**Student:** 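Pasting in a structure now, in structure tokens, and then I'll have a few things to ask.
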Amino acid sequence: MTSKPKIAIIGAGMGGLTAAATLLRAGFDAEIFEQASRFTRLGAGIQMSPNAIKVLRTFGLEEPMRQIAFRPPGQFSREWDTGELLLDVPFGDSVEQRYGAPYLLMHRGDLHALLTQAVPQEHIHRSKELVGLDDSGSSVRMTFADGTTAEADAVIGADGVHSTVRTWLLGEEKPTYTGRVAYRTTFPARLLNGVEIDDCTKWWGPDRHIVIYFTTRNRDEVYFVTSVPEPDWTEESWSMKGDLGELRRAFNGFHPQVRAVLEACPEVHKWAINVREPLPRWCEGRVVLVGDACHPMTPYMAQGAATSMEDAMVLTRCLLDIGPDGDIGEAFKRYERTRKKRTSKIQFHSHENKWLHRNANTDWVYGYDATTVPLASSSELSNSAA
Ligand SMILES: Cc1cc2nc3c(=O)[nH]c(=O)nc-3n(C[C@H](O)[C@H](O)[C@H](O)COP(=O)(O)OP(=O)(O)OC[C@H]3O[C@@H](n4cnc5c(N)ncnc54)[C@H](O)[C@@H]3O)c2cc1C
């Protein structure tokens, strides 16, 4: 192989689109295969911390994000009923000065649309559900549910928490349901009928919480996401509607601000919170995983998408480093060695759900720069093989 390898990416989500953008920018031939036929703007917000934005700015997304996203002055941590202020985490200028990038809140659909625009449309193949993989040692053959096939020099599984690529690597094993659900939705702020709410607050109850923030620069859209115990719930789908009465009852007794938001919201979706223990490995031969496929986490630190973007950048750097005729499998192992300790630590702390409760040590998360972080050395690689 004398030209840069042809890389297939399974999944056009947060990690897959970022991987395509960074690989294409680095001169690789990258193609995405996505099972969905189209993308819809379903009600969900997303927090993009400085560590994510340092990746997204490399392919020009920072300015368009700033144009539409809300840049909150900070995040409050509050007691669920009295509203007592437990912590005031400064974002705004202060986070930019400290970490060299902003903290932005936005609609997930708007971020997804920007990521999609960052990849030339002819590189995104929709209605391509991966059902089979065959790594011959010199290339990988993919089979899709529509009966078509495609071939690439390597495959990146960016296919989320229920990853088919993960199953191919490690065998069938369902993620673990935490027994908790996230209700979430976005709605026009005018539905609050003049009730004033904080810019961005996490309300901490004894066994549940709710995070509420604006998702647009001009504060005209509100978002909330909860974590509520529902141990017996088994359904899981993006389009699963939640019961508003059930949701409001779950937050009975919470502060009037919370209740006003829940009263105002016209509909809500419900999402099972799933996790996995850190996986034994992320790659095999010419196949590798990124994002939720290899390190799904609870959403409590708002780092799932951010870490998938970090993965994409580090993986691209590892592939660039081996040169056109290098060993792709070695590049994938190096990527795993560079990333796993960090993502395992974030998985652990996210699950613990103490992040930004009463303590604001954010440096180790927001200070990470995937564009410059040292890649694992070859001695670390041989140690891991021993
Ligand atoms: C309630 C909630 C709130 C969150 N809030 C935040 C936040 O504020 N900040 C943050 O950083 N993270 C947040 N996250 C986490 C974040 O959403 C995920 O970690 C992130 O989407 C993972 O990106 P990914 O690319 O790995 O997977 P996804 O974005 O899930 O993308 C996977 C893609 O693969 C496709 N796919 C799946 N199987 C196949 C197949 N067989 N063939 C082809 N395509 C396939 C899917 O259709 C999908 O498009 C939150 C998560 C939840 C549940």
Side-chain angles (χ1 to χ4, degrees), residues 8-20 32-40 42-49 51-53 55-56 69 75 103-108 111-112 115-116 124-133 142-146 150 155-168 175 178 180-185 200 202 209-211 213 215 223-228 236-238 242 268-275 289-312 343 346-347 350 365-366:
I9 299 162
I10 309 301
M14 297 290 150
L17 287 164
T18 308
I32 304 187
F33 298 90
E34 162 61 45
Q35 65 184 4
S37 56
R38 63 192 177 91
F39 303 116
T40 43
L42 279 167
I46 195 156
Q47 310 189 33
M48 284 283 96
S49 46
N51 48 315
I53 289 171
V55 174
L56 301 181
Q75 176 179 310
Y103 199 103
L104 300 177
L105 309 176
M106 59 195 300
H107 196 291
R108 187 188 166 97
L111 175 60
H112 192 266
L115 282 165
T116 306
I124 306 178
H125 308 281
R126 294 175 171 81
S127 302
K128 292 289 172 193
E129 182 194 352
L130 182 85
V131 291
L133 277 177
M142 294 155 279
T143 307
F144 301 100
D146 63 1
V155 168
I156 299 175
D159 49 348
V161 65
H162 300 290
S163 170
T164 302
V165 182
R166 193 218 70 94
T167 302
W168 180 85
T178 56
R180 307 182 69 85
V181 295
Y183 286 93
R184 58 177 171 177
T185 197
C200 174
K202 181 163 178 176
H209 69 248
I210 180 166
V211 180
Y213 57 78
T215 53
Y223 167 68
F224 68 80
V225 56
T226 72
S227 171
V228 179
E236 196 201 341
S237 138
W238 253 110
V268 72
H269 283 82
K270 197 172 168 178
W271 180 263
I273 300 177
N274 286 308
V275 290
L289 303 173
V290 299
D292 279 3
C294 51
H295 48 70
M297 53 185 74
T298 61
Y300 310 150
M301 283 172 71
Q303 284 298 312
T307 48
S308 77
M309 292 161 181
E310 293 175 355
D311 287 348
T343 58
I346 295 178
Q347 279 177 295
S350 189
V365 179
Y366 304 159

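Here the structure is a predicted model, which is why all the values come from computation and not from measurement. All heavy atoms count here, side chains included; hydrogens, waters and symmetry mates do not. In each ligand, atom 1 is the first atom listed, and ligand 1 is the first ligand listed. Residue indices begin at 1 and follow the sequence shown.
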**Student:** Please report whether ligand 1 has a polar contact with Q47, defined as an N or O pair separated by less than 3.5 Å (distance criterion only).
**Tutor:** yes
**Student:** Test your reading of the structure: does A302 have an N or O sitting under 3.5 Å from an N or O of ligand 1?
**Tutor:** yes
**Student:** As an exercise, identify every atom of ligand 1 less than 4.0 angstrom from a heavy atom of I10.
**Tutor:** 42 (N), 43 (C)
**Student:** Relative to the ring of F33, is the ring of H125 parallel (under 30°), tilted (30 to 60°) or perpendicular (over 60°)?
**Tutor:** parallel
**Student:** How does A305 reach ligand 1, by side chain, by backbone, by both or by neither, if only non-hydrogen atoms under 4.0 Å count?
**Tutor:** both
**Student:** Does Y223, backbone or side chain, put an N or O under 3.5 Å from an N or O of ligand 1?
**Tutor:** no
**Student:** Where on F33 is there a heavy atom closer than 4.0 Å to ligand 1, on the side chain, on the backbone, on both, or on neither?
**Tutor:** backbone
**Student:** Out of all atoms in ligand 1, which are within 4.0 Å of some heavy atom of G291? Include the element for each.
**Tutor:** 26 (O)
**Student:** Just distances here: any N/O of R184 and N/O of ligand 1 closer than 3.5 Å?
**Tutor:** no
**Student:** Determine whether the side chain, the backbone, both or neither of D159 has a heavy atom under 4.0 Å from any heavy atom of ligand 1.
**Tutor:** both
**Student:** Determine whether any heavy atom of M48 lies closer than 4.0 Å to an atom of ligand 1.
**Tutor:** yes
**Student:** Can you list the ligand 1 atoms lying under 4.0 Å from a non-hydrogen atom of K128?
**Tutor:** 42 (N), 43 (C)
**Student:** How close do A306 and A302 get, heavy atom to heavy atom, and via which atoms?
**Tutor:** CB-O, 4.5 Å
**Student:** Out of all atoms in ligand 1, which are within 4.0 Å of some heavy atom of G15? Include the element for each.
**Tutor:** 23 (O), 24 (P), 25 (O)
**Student:** Carefully, step by step, assess T164 and L133 under the rule side chain to side chain contact (heavy atoms under 4.5 Å, CB included).
**Tutor:** CA-CA 9 Å; T164 302; L133 277 177; over 6 Å; no
**Student:** Look only at interatomic distance and state if A293 has a nitrogen or oxygen under 3.5 Å from any nitrogen or oxygen of ligand 1.
**Tutor:** no
**Student:** Take Y183 and K270, measure what side chain to side chain contact (heavy atoms under 4.5 Å, CB included) needs, and give me the verdict at the end.
**Tutor:** CA-CA 4 Å; Y183 286 93; K270 197 172 168 178; 3.8 Å; yes
**Student:** Give the atom numbers and elements of ligand 1 that come within less than 4.0 Å of a heavy atom of W271.
**Tutor:** 53 (C)
**Student:** Quick check: do W271 and V225 have side-chain heavy atoms less than 4.5 Å from each other?
**Tutor:** no
**Student:** Backbone, side chain, both or neither: what part of I46 comes under 4.0 angstrom of ligand 1, heavy atoms only?
**Tutor:** both
**Student:** Show your working on side chain to side chain contact (heavy atoms under 4.5 Å, CB included) between Q75 and Q47 and close with a plain yes or no.
**Tutor:** CA-CA 11 Å; Q75 176 179 310; Q47 310 189 33; 3.9 Å; yes
**Student:** Please list, in number order, the atoms of ligand 1 under 4.0 Å from a heavy atom of V225.
**Tutor:** 1 (C)
**Student:** Please step through side chain to side chain contact (heavy atoms under 4.5 Å, CB included) for the pair T18 and V290, ending with a clear verdict.
**Tutor:** CA-CA 10 Å; T18 308; V290 299; over 6 Å; no
**Student:** Is it true that A36 lies under 4.0 Å from ligand 1, counting heavy atoms only?
**Tutor:** no
**Student:** Which of the numbered atoms in ligand 1 are under 4.0 angstrom from any heavy atom belonging to A182?
**Tutor:** 1 (C)
**Student:** Between ligand 1 and T164, is the shortest N or O to N or O distance under 3.5 Å?
**Tutor:** yes
**Student:** Looking only at heavy atoms, which two atoms of A69 and M106 are closest? And how far apart?
**Tutor:** CB-CB, 3.8 Å
**Student:** What are the two closest heavy atoms between T185 and V268, and how far apart are they?
**Tutor:** CB-CA, 3.9 Å
**Student:** State whether the side chain of Y213 and the backbone N or O of K202 hold a donor-acceptor pair below 3.5 Å, judged by distance alone.
**Tutor:** no
**Student:** In sequence, state the C-alpha distance, the side-chain angles, and the governing distance for T298 and S350, and then conclude on side chain to side chain donor-acceptor pair (under 3.5 Å).
**Tutor:** CA-CA 6 Å; T298 61; S350 189; 2.8 Å; yes
**Student:** Indicate, as side chain, backbone, both or neither, the part of Q303 found under 4.0 angstrom from ligand 1 when only non-hydrogen atoms are considered.
**Tutor:** backbone
**Student:** For ligand 1, find out whether one of its N or O atoms is nearer than 3.5 Å to an N or O atom of G45.
**Tutor:** no
**Student:** Under the side chain to side chain donor-acceptor pair (under 3.5 Å) rule, what do D159 and Q35 come out as? Steps first, then yes or no, please.
**Tutor:** CA-CA 9 Å; D159 49 348; Q35 65 184 4; over 6 Å; no
**Student:** Checking contacts here: is it the side chain or the backbone of L130 that comes within 4.0 Å of ligand 1, counting heavy atoms only? Could be both or neither.
**Tutor:** both
**Student:** Please report the closest heavy-atom contact between V161 and D292, naming both atoms and the distance.
**Tutor:** N-CB, 3.6 Å
**Student:** Between ligand 1 and R108, can you find any atom pair, the residue atom being a heavy atom, that is separated by under 4.0 Å?
**Tutor:** yes
**Student:** What's the shortest heavy-atom distance between I9 and A158, and which atoms?
**Tutor:** CG2-CB, 4.1 Å
